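Heads up, the thing below is written out as structure tokens.
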There are 2 protein chains.
Amino acid sequence: MKAFKIPEATVMRLSVYSRFLEQADRHGIIIVSSGDIAEGVGVSPAQVRKDLAYFGEFGTRGVGYNVSSLYQQIRRILGLNREWLVVLVGAGKLGSALARYQGFLSRGFRIIGVFDNDPKQFGRKLNGTTIMPISQLDEVVQREGVEIGIITVPAGAAQEVADRLAAAGIKAILNFSPRVLNVPSRIVVRSVDFSVNLEVLTFNLGLNTNKGL
Amino acid sequence: MKAFKIPEATVMRLSVYSRFLEQADRHGIIIVSSGDIAEGVGVSPAQVRKDLAYFGEFGTRGVGYNVSSLYQQIRRILGLNREWLVVLVGAGKLGSALARYQGFLSRGFRIIGVFDNDPKQFGRKLNGTTIMPISQLDEVVQREGVEIGIITVPAGAAQEVADRLAAAGIKAILNFSPRVLNVPSRIVVRSVDFSVNLEVLTFNLGLNTNKGL
DNA sequence: GACTGTGAAGCCATTCACAGCT
DNA sequence: AGCTGTGAATGGCTTCACAGTC
């Protein structure tokens, strides 16, 4: 309940627990134990309890956790009890795929603007929004009070886009380019790098074959 | 140099270093210090040296690291000094975007098969490969000796696809569905969950506004 | 003088083990 | 009896600080 300095790993797991609970709720399950959650998401029961303990006491000793109430609590903790406005910069293949991904909307993320620097893209419709030139980024972010920006441009353009998002007053950036971004420290940044993930796989595959040392 | 039990965080950073070095090399830079790398990728110099020390001595005291030689060494460590064959299951928006992503090929990952269960997709060309029915997964994986599978199907189908990949003899899976997969322990799995990443952002944004404590 | 490589220290996250409820 | 909540113990990663080398 003291709530400061929460491990990032804990926050990530909470997000995973929330989806497990959403699923369980949909299946009509009323009560789960830390062991049930643990098994469902592949961690230890103690880990589940410890993660939750950072934020309060949500269970009943001897019984377990009420699925729908815990689900709501975790959503609240993660800040998902409201809608978040999102802009996406880079309407290439990946950007278009993300813009159309329904999973975001269902969890409260609404992409209200998609931007690109290619005039051939301008005006193209993408899941309800129209692709706009980057020059309009500032105006849209400020007019709508957008807080989250997603970057799906090639590596070479990523820093410049991050600068523009920062200047427009965005508060958080999810970066899909394989590039470390430099932004003011008030902005929260996370990077998702596909190649890094593939390369962790090949490293581990190599360990098995090169029993060399 | 004993090299066992390498922290996963180290492996992920090596991948990031390798891209920094690739970039530096392209700019004609011959020597970098741990401080240069650290600054470029946003970690501490000591961290860079420690990460490299797990695998050997690659630098020259008083001087630094030779960019192209260190780059090659890291590629070797990560298992990138060879080509990796990849199949991708799920030719939806995200799968199509990934299949066309040139960054994979340039780092040695060749997607040689794309599979789907929608007959309307069969035969459609995607960046050189033709989309095939899932029933052919086994045959292609075994004939070509494919080692890596990428899952880009909706959550509901992910476990079934993982089972098929496992049965076909795949060695590693990169999972983009928001679902924890159950696979035999010989298979290396990593999951990339977009919502988790967004939700870590909203959690952090919430901390700033709820100055509650 | 500059920078690497590394044992030791410090810090943070996970697991253990049990007291506390129901 | 069963399961949560939690202090204590453990384990692992990161930082420090300096000896070693060019």
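Naming: A, B, ... by sequence-line order, numbering from 1 per chain. Remember, predicted model here, so these are calculated numbers, not experimental data.
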May I ask you to evaluate whether B/Tyr65 reaches the phosphate of C/dG5, defined as a side-chain N or O under 4.0 Å from OP1 or OP2?
-> yes

Please enumerate all protein N or O atoms sitting under 3.5 Å from an N or O of nucleotides 20-22 of chain D, with distances to 0.1 Å.
unit_1	atom_1	unit_2	atom_2	d
D/dG20	O4'	B/Arg61	NH1	3.3
D/dG20	N3	B/Arg61	NH1	3.3
D/dC22	O4'	B/Arg61	O	3.2

Would you call A/Val87 and A/Leu165 a side-chain contact if the rule is heavy atoms closer than 4.5 Å?
-> yes

Expressed in angstrom and rounded to an integer, what is the separation of B/Phe58 atom CZ from C/dG5 atom P?
-> 9 Å

Write down the atom of A/Gly90, the atom of A/Asp116, and the distance for their closest heavy-atom approach.
-> C-OD2, 3.7 Å

Figure out the CG/C1' separation between B/Asp36 and C/dT4, and round it to whole Å.
-> 13 Å

To the nearest Å, give me how far apart CD (A/Glu57) and C1' (C/dC21) are.
-> 10 Å

In whole angstroms, the gap separating C1' of D/dC3 from CG of A/Asn66 amounts to 15 Å

Report, as a single string ordered 5' to 3', how protein heavy atoms within less than 4.0 Å touch nucleotides 13-18 of chain D: B base, S sugar-phosphate only, - not at all.
-> SSB-B-

Round to a whole Å and report the spacing from CD1 of A/Ile37 to P of D/dC3.
-> 13 Å

Please step through side-chain contact (heavy atoms from CB on, under 4.5 Å) for the pair B/Phe109 and B/Ile148, ending with a clear verdict.
-> CA-CA 9 Å; B/Phe109 298 98; B/Ile148 299 176; 4.0 Å; yes

Note, A/Ser96 side chain near A/Leu126 side chain (heavy atom, < 4.5 Å) = yes

Using a 4.5 Å cut-off on heavy atoms from C-beta on, say whether the side chain of A/Asn127 contacts that of A/Leu105.
-> no

Output yes when at least one side-chain N/O atom of B/Ser34 is less than 4.0 Å from OP1 or OP2 of C/dC3, else no.
-> no

On the 0 to 90° scale, with breaks at 30° and 60°, tag the B/Phe194-A/Phe176 ring pair as parallel, tilted or perpendicular.
-> perpendicular

Sort out for me which residue in A/Arg75, A/Arg19, A/Arg107 forms a side-chain hydrogen bond (donor to acceptor under 3.5 Å, both in side chains) with B/Glu199.
-> A/Arg107

Is it true that A/Arg110 and A/Glu144 have a side-chain N and a carboxylate O under 4.0 angstrom from each other?
-> no

